[in-house]
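Taking it in order: structure first as C-alpha cells, then the write-up.
Note that ligands are numbered from 1 as they come in the structure, with each ligand's atoms numbered from 1 the same way. Computed from a predicted structure; not experimentally measured. Note that the numbering runs from 1 along the sequence shown for the chain.
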Amino acid sequence: MCGIVAYIGKREAYPVLIKGLHRLEYRGYDSAGIALLHKKEMNIYKTKGKVADLEKFVAGNDTQGHMGIAHTRWATHGVPNAINAHPHCSGNNNLAIIHNGIIENYLLLKKALQKQGYTFKSDTDTEVLVQLIDYIKTNNNCSLFDAVQTALRKVVGAYAIAIVEKGNEGEIIAARKSSPLAIGMGKDNEEFFIASDVTPFAEYTNKVVYLKDEEVVRIRLGESPKIVNLDKTESEINVEHLNMSLSQLEKGGYPHFMLKEINEQPQTILDCIRGRINRPATDVKLSGVMDHMDKLLSARRFIIVACGTSWHAGLIGKHMIEEFCRVPVQVEYASEFRYCCPVVDEQDVVIAVSQSGETADTLAAVQLAKSKGAFVYGICNVVGSSIARNTDTGTYIHVGPEIGVASTKAFTGQVTVLTMFAMCIAKMKRTISKERYEKILKGLKSLPDLIKEVLQYGNKIKDLSAVFTYAHNFLYLGRGYNYPLALEGALKLKEISYIHAEGYPSAEMKHGPIALIDHEMPTFVIATSDSIYEKTVSNIQEIKARGGKVIALVTKGDKFVSSMADYILEMPYVDECLAPIVSCIPLQLFAYYIAVQKGRNVDQPRNLAKSVTVE
Ligand code: F6R
C-alpha cells in the first residue's frame, strides 16, 4: 500500500510525478503529496483525497523543477488528512521523505528524538524516520547517503523510501526492505525514476533495476547509481529489460480498468498458456516444474499460501492437485499460516500465489516456509516482485498489469497456471489417464474462445444486475470446483458494490444460512453440469421453497435448474475442473455492473488498496 515515485533529470518533474501517481493510485488513495526542488528551494504540496485533488490543490502554484518526490497514501498511522500526507519533512525543512511501509519501532524512536528536543507535526511513523535521519546527519556531520544507512540500521519494519535534501538538487537517496522499489534508468545516466513499481516510468525507459531488501541507493545525475546494503557492502547493479507497453497501462476506451481487464481475459489466458502447451495439446511443460521435478514429485504434501482472490484460486488448485496428482494439499491464509506455528519441513512444497508478488503476509509465509526447509514455488504476476524473488522457483501467470483493485484476470491466470502445474505433476506421477490429461489440455486451449463467448452476455448481465441493486445481502453457492467460485463471486460483489455477500458450499446452506433466505435475499447459484449437479438442483429447490430469488449459472441445454431459477445465465460446456475459469466471468461482470449502477468507484473501492504490503 502507498505508492511512491521520484524523478531526477532534464524533464519538468511535476508532470512526470503526477502521471506516475495516477499510475500508482491503485496502491492507496487517501491522500497525495509532492515535493519539487528548484533553485535551492523545496516546494511541498499535500492534500487529503486523490491525485486529482492534489492537482486541483497545486493549480496556479509554482511547479518548476527537474527533481522531486511524490506519494499516494493508504493510511496506516494517523487519519487521512493533509498533515499526515507525505512527503514528510525534518523539523528544519531541509529533508523530505516519501515512504511505503511501516516503521514498527517508531514510538521508541520518537521518544528518543523527543528527548533530544525534536517535535512532530504528524501522527505518522514516516515523520519519525525523516527526523531520525536528520538527527544522525546533523550530529555525525555525514552525507545524506551515510545518514540514511545509519538510520535504517536502527529501524524495525518495512520501507520503500526516497529522500531529497533542499539545496542538493542533483541527488536522491532511496532504500527498501519488504516494500517494493524499482529504479528506471534513463539513457547515459541523464535521468532516473524511482517508483513502487515500473508503471510510472515504463513509457520513458525500458531499463530497470530492482532494489533488494536492505539496499540503499544513491542516485546522482551523470553517475551510475551506487548501491550498498546495510552492512556497507557495495552491490552490483543488475539492469533488467522491461517488457511493457503503454497500452497495458491505460483504459483503452473502457470506462474502468476492471471492465478492460475482464474483457482482456481471452488474450491473457492465451498469453498464460503460450509456449507451455504444445500445438496438438498433447503435452504441457512449465520450466519451473521441469527443472525441479525431483523435489516436486517427492513432496509429501503441498501447502498453498495466499490471500483474498489468490487464496480462492488456491482452493481450486487444491482440488485439482488432489484429484489428479493424489497428493494431499492444504490451503492456508498466509496471514494465519505465518502465526499458527505451522508444521512444515523439507518434505513439503509450499506454493505461494500472489498477483502483486508483494503481499506482506504471503511474503512472510514464504520466508517462514523456507526457514523450515520447505521448497517454495511461486505463482505471481508481477515480474521481479518480492515473492517471485524469494521463492525457489515458480511460474509467472503473464496476464499483464492488473490495475483495477478488484482482481479479475489474475484469478483466471492463477487457476490456469495451477491447472498446468497439476497436469505436469500428474503426468510424471502417472496418476492421470492419457485421455483425461489430453482432454484437459484441449480444454485449456479452448478457454480463450469460450471466454469470448461468455463476454458476449455483457448486456444481459448488465440488465440482470439492474434488477438486484436493491439487495443489501447476497448469498453465493457452489459445490466442488465451484465452491471457491462462490467465495470469489461474493468477494467481488462486496468489495466493489459494498453489498454484503457470503459464499458458501451449497450443501452447507442447510446448516445455518438457510435461515436468512426470504424474498429480499437473492442467491447466486453456480449450477453448471458436473459430477454433483443433482445435489445442487436439490439445494435450489430448498431456496425456492422458502421464497428466495435465484440466479443460476447453468450449462447450455440445462432443463432442471432452468425451470426452477428466476434468472439463468447459460455457460458453454467445459470440463468441470476448468469451469471456474469460464464461470467467473459472469460473476465478475455482475459485480461490476451492480457497482457501476450504485455509483461506486469501481477501480478504487473505499478502504482498499491493490498491493497489501502491510500485515
Ligand atoms: C480481491 C483482491 C484481493 C487480493 C489479495 C491478494 O479482488 O484483489 O483479495 O487478491 O489482496 O493480493 P495478491 O494476489 O497481490 O497477493
Can you tell me which residue and heavy atom of the protein come closest to [atom], and the distance to 0.1 Å?
atom	result
atom 15 (O) of ligand 1	Ser356 OG, 2.7 Å
atom 10 (O) of ligand 1	Thr309 N, 3.0 Å
atom 11 (O) of ligand 1	Val612 CG2, 4.0 Å
atom 16 (O) of ligand 1	Thr359 OG1, 2.5 Å
atom 7 (O) of ligand 1	Glu495 OE2, 2.5 Å
atom 5 (C) of ligand 1	Cys307 O, 3.7 Å

Practice problem: Sequence neighbours left out, what passes salt bridge (Lys or Arg N to Asp or Glu O under 4.0 Å) with Asp213? Give chain and number order. | Solution: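 If we apply the salt bridge (Lys or Arg N to Asp or Glu O under 4.0 Å) test to Asp213, skipping adjacent residues, the hits are Arg176.
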Self-check item: For ligand 1, the portion of Lys492 having any non-hydrogen atom under 4.0 Å away
Solution: side chain
Quiz item: For ligand 1, is there an N or O atom under 3.5 Å from any N or O atom of Ser407?
Solution: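 Yes: some nitrogen or oxygen of Ser407 is under 3.5 Å from one in ligand 1.
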Quiz prompt | Gln414 N/O to ligand 1 N/O under 3.5 Å | solution =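 No, since none of the N or O atoms of Gln414 sits under 3.5 Å from an N or O of ligand 1.
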Practice problem: Run through Cys584, Ser506, Pro580 and flag the one making a side chain to side chain contact (heavy atoms under 4.5 Å, CB included) with Asn482. | Solution: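 Result: among Cys584, Ser506, Pro580, Pro580 is the only option passing the side chain to side chain contact (heavy atoms under 4.5 Å, CB included) with Asn482.
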Using atom types as modelled, flag every donor-acceptor pair under 3.5 Å from a side chain in residues 372-379 to any protein atom, sequence neighbours excluded.
residue	atom	partner	partner atom	Å
Tyr377	OH	Thr395	OG1	2.6

Quiz item: Within the distance-only criterion (no hydrogens, no angle test), does the side chain of His71 pair as donor or acceptor with the backbone N or O of His99 below 3.5 angstrom?
Solution: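 Such a contact is found between His71 side chain and His99 backbone.
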Quiz item: Just by distance, do the side chain of Tyr29 and the backbone of Gln604 share a donor-acceptor pair under 3.5 Å?
Solution: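 Side chain of Tyr29 to backbone of Gln604: a pair is present.
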Give the numbers and elements of all ligand 1 atoms closer than 4.0 Å to a heavy atom of [X].
X	value
Gly308	9 (O), 10 (O)
Ala406	7 (O)
Ser354	13 (P), 14 (O), 15 (O), 16 (O)

Quiz item: Has Val405 got any heavy atom lying under 4.0 angstrom from an atom of ligand 1?
Solution: yes
Taking the basic N atoms (NZ, or NE/NH1/NH2) and the acidic carboxylate oxygens, is any pair closer than 4.0 Å for [X] and [Y]?
X	Y	result
Arg338	Asp361	yes
Lys460	Asp463	no
Glu264	Lys409	yes

Quiz item: For Tyr498, is the NZ or CZ atom of Arg606 found under 6.0 angstrom from the centre of its six-membered ring and inside 45 degrees of the ring axis?
Solution: yes
